[in-house]
> 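Before I ask anything, here is the structure I am working with.
Below, read A as the first sequence line, B as the second, and so on, with proteins coming before strands; counting in each chain starts at 1. Atoms considered below: every heavy atom in the structure, side chains included; atoms not considered: hydrogens, waters and symmetry mates.
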Amino acid sequence: MPELPEVEITRLSFAPRIQGARTVAVRIGKPLRWPLGCVSGDLVSQTVGEVARRGKYLWLALERGGLLLHLGMSGSLRFTDTPGPPGPHDHFDLATTQGTLRLTDPRRFGAVVWSPSMGTGAAGKLLAGLGLEPFDPAFTGAFLKRALRGRRVSIKQALLAGDIVVGAGNIYACEALFDAGIDPRMRSGRLSLARCEQLATAVRKTLARALELGGSTLRDFRDAHGLAGEFQLHAEVYGREGLPCSRCGAPVRRIVQGQRATYFCAGCQRR
DNA sequence: AAGTGGACCTGCTAGC
DNA sequence: TGCTAGCAGGTCCACT
């Protein structure tokens, strides 16, 4: 589910309300991708600090260390005064004096991992290989050109890999490549500087638009208030196989790259 | 070093 | 109606 816009929207929807709260209790459901890395008692009776985001990860700072959270493919976070009894897919609750943060994740590709700090322990290891934030001023066409140099993977896969720039997942990588008019199959190391500039701009523009629209709700994404997004209603190519391209009318194509679906318009997106 | 494919897990939908 | 195959927003890890 959650790419950068969904994760950021989730963060914004609960960060101001949880900050300064005192943790009261922890409930663990079924195992997630990795073990928590501490006993639940270690998380109790602490003041919650800032909620930060790095790529698609969230960092919830506590007095002693903090929690790194990832929503995987199907995760979502709710923050509420009245969480109700946990359902079968509710695998982590952090009860605080200001409400309960609950992770719901049917597929359990998500994670909640304790670390001493964002840069050390398990969190440090998971965050170490991440590329630039897309809204970092250092993420420019020139940077992209340099980072892609010599790489033979397709540009679509290079965007998804997250070691150059983070945040664009399958939906927004497809949409950004459409916006930039670049064929997703193109060898990434072959992009000209001009096209790297177009792509860097398109990635930022696509993610910013998704943020404005509340993210994409394909089936179950909700922010921490329970609100759905509507970017998916504005997607130009993602999920639109066979439908006419809004620019040229040619049918949108679906191919598979690195075991993921890619949607694109062969008329508008060129090598 | 970089690229590829498998793995993790559950739910939904299309097709027979 | 009921079963099955295929597909889904991510990304780590082992292997070549």
> With a 4.0 Å cut-off, would you call A:Arg53 and A:Glu133 a salt bridge?
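Salt bridge present between A:Arg53 and A:Glu133.
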> Starting at atom CZ of A:Arg260, determine the distance to atom P of C:dG6, rounded to an integer number of angstrom.
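After rounding, the reported distance stands at 18 Å.
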> In whole angstrom, give me the gap between the P atoms of C:dC7 and B:dG5.
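Per the computed distance, 16 Å lies between those P atoms.
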> Given pairs defined as Watson-Crick or G-U wobble with both distances under 3.5 Å, what dot-bracket annotation applies to DNA chain C, with ( ) intrastrand, [ ] crossing, | other strand and . unpaired?
.|||||||.|||||||
> What is the distance, rounded to the nearest whole Å, between atom CE of A:Met73 and atom P of C:dC12?
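Going from CE in A:Met73 over to P in C:dC12 covers 14 Å.
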> Over all strands shown, is A:Ala261 touching base, sugar-phosphate only, or nothing at heavy-atom distances under 4.0 angstrom?
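Touches sugar-phosphate only.
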> Which residues pass the side chain to side chain contact (heavy atoms under 4.5 Å, CB included) test with A:Pro251, sequence neighbours left out?
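With neighbours one apart ignored, the set is empty.
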> Indicate yes or no: at least one non-hydrogen side-chain atom of A:Met186 is less than 4.5 angstrom from one of A:Leu191.
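Yes, at least one pair of side-chain atoms sits under 4.5 Å.
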> What is the separation between atom CZ on A:Arg53 and atom P on C:dG10, rounded to the nearest whole Å?
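That distance rounds to 14 Å.
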> Without decimals, in angstroms, what is the distance between A:Glu241 CD and C:dC7 P?
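Spelled out: CD on A:Glu241 to P on C:dC7 is 10 Å.
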> Rounding to a whole Å, what distance do you find between A:Leu160:CG and C:dA8:P?
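Rounded to the whole Å, the gap is 13 Å.
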> Please list, in numerical order, the residues of residues 102-113 of chain A that have a heavy atom closer than 4.0 Å to any atom of DNA chain C.
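When residues 102-113 of chain A is checked for heavy atoms under 4.0 Å from DNA chain C, the hits, listed by number, are A:Arg107, A:Phe109.
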> Hey, does A:Arg254 reach any base, or is it just sugar-phosphate, or nothing, if we go heavy atoms under 4.0 Å?
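Result for A:Arg254 = sugar-phosphate.
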> With ILVMFWY side chains joined below 4.5 Å, transitively, what does A:Val113's cluster contain besides itself?
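For the cluster that includes A:Val113, the remaining residues are A:Trp34, A:Tyr57, A:Trp59, A:Leu68, A:Met118, A:Leu126, A:Leu127, A:Leu130, A:Val166.
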> Honestly curious: do A:Leu103 and A:Leu12 fall in one hydrophobic cluster under the side-chain, below-4.5 Å linking rule?
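No, separate clusters.
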> Do A:Asp105 and A:Leu32 touch side chain to side chain, with heavy atoms closer than 4.5 Å?
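Yes, their side chains come closer than 4.5 Å.
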> Considering only heavy atoms, which members of residues 139-152 of chain A lie under 4.0 Å from some atom of DNA chain C?
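None, since no heavy atom is under 4.0 Å.
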> When you list every nucleotide of DNA chain B with an atom under 4.0 Å from a heavy atom of chain A, which one comes first 5' to 3', and which comes last?
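Nucleotide range in contact with chain A: B:dG3 to B:dC12.
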> Quick one: salt bridge (Lys or Arg N to Asp or Glu O under 4.0 Å) partners of A:Arg195, sequence neighbours excluded?
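Partners of A:Arg195 by the salt bridge (Lys or Arg N to Asp or Glu O under 4.0 Å) criterion come out as none, since no residue qualifies.
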> For A:Ile255, which fellow cluster members are found when Ile, Leu, Val, Met, Phe, Trp and Tyr are connected by side-chain heavy-atom distances below 4.5 angstrom, either directly or through intermediates?
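Members other than A:Ile255 - counting any ILVMFWY side chain reachable under 4.5 Å - are A:Phe264.
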> Please enumerate all residues that pass side-chain hydrogen bond (donor to acceptor under 3.5 Å, both in side chains) together with A:Gln257, with sequence neighbours excluded.
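Once residues adjacent in sequence are excluded, the partners of A:Gln257 under the side-chain hydrogen bond (donor to acceptor under 3.5 Å, both in side chains) criterion are A:Ser154, A:Thr262.
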> Under 4.0 Å: is that the gap between some side-chain N or O of A:Tyr57 and OP1 or OP2 of C:dC12?
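Yes, because at least one side-chain N or O of A:Tyr57 sits under 4.0 Å from OP1 or OP2 of C:dC12.
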> A:Ile164 CD1 to C:dT11 P: how many Å, rounded?
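The answer, rounded to whole Å, is 15 Å.
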> Would you mind reading off the distance between A:Gln157 atom CD and C:dT11 atom P, rounded to a whole angstrom?
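Value for this atom pair: 15 Å.
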> Filter on salt bridge (charged side-chain N to carboxylate O under 4.0 Å, His left out), then keep only pairs touching residues 140-158 of chain A, sequence neighbours left out; what's left?
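Found A:Arg151-A:Asp163.
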> For A:Glu3 and A:Ile171: C-alpha separation, side-chain torsions, deciding distance, then whether side-chain contact (heavy atoms from CB on, under 4.5 Å) applies.
CA-CA 8 Å; A:Glu3 306 183 31; A:Ile171 299 177; 3.2 Å; yes
> Verify the cluster assignment for A:Ile28 and A:Val44: are they in a single hydrophobic cluster under the rule of side-chain heavy atoms below 4.5 Å apart?
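Same hydrophobic cluster.
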> Does C:dT11 have OP1 or OP2 under 4.0 Å away from a side-chain N or O of A:His70?
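Yes, within the criterion.
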> Who passes side chain to side chain contact (heavy atoms under 4.5 Å, CB included) against A:Phe14, sequence neighbours left out?
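So A:Phe14 forms a side chain to side chain contact (heavy atoms under 4.5 Å, CB included) with A:Thr10, A:Ile18, A:Val51, A:Leu58, A:Leu60, A:Leu77, A:Phe79, A:Leu101, A:Ala224.
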> Using the P atom in both, what is the distance from B:dG6 to C:dG6, to the nearest Å?
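Roughly 15 Å separates the two P atoms.
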> Please determine which of A:Leu148, A:Asp179, A:Val165, A:Leu159 meets the side chain to side chain contact (heavy atoms under 4.5 Å, CB included) test together with A:Leu199.
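Per the side chain to side chain contact (heavy atoms under 4.5 Å, CB included) rule, the option paired with A:Leu199 is A:Leu159, out of A:Leu148, A:Asp179, A:Val165, A:Leu159.
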> To the nearest Å, how far apart are A:Leu126 CG and C:dG10 C1'?
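Taking CG of A:Leu126 and C1' of C:dG10, I get 13 Å after rounding.
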> Please, which pairs that meet salt bridge (charged side-chain N to carboxylate O under 4.0 Å, His left out) have at least one residue in residues 20-31 of chain A, sequence neighbours excluded?
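Pairs touching residues 20-31 of chain A that pass the test: A:Arg22-A:Glu63, A:Arg27-A:Asp93.
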> So what does A:Phe231 hit on the nucleic acid, given a heavy-atom distance under 4.0 Å: a base, only sugar-phosphate, or nothing?
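Nothing, no heavy atom under 4.0 Å.
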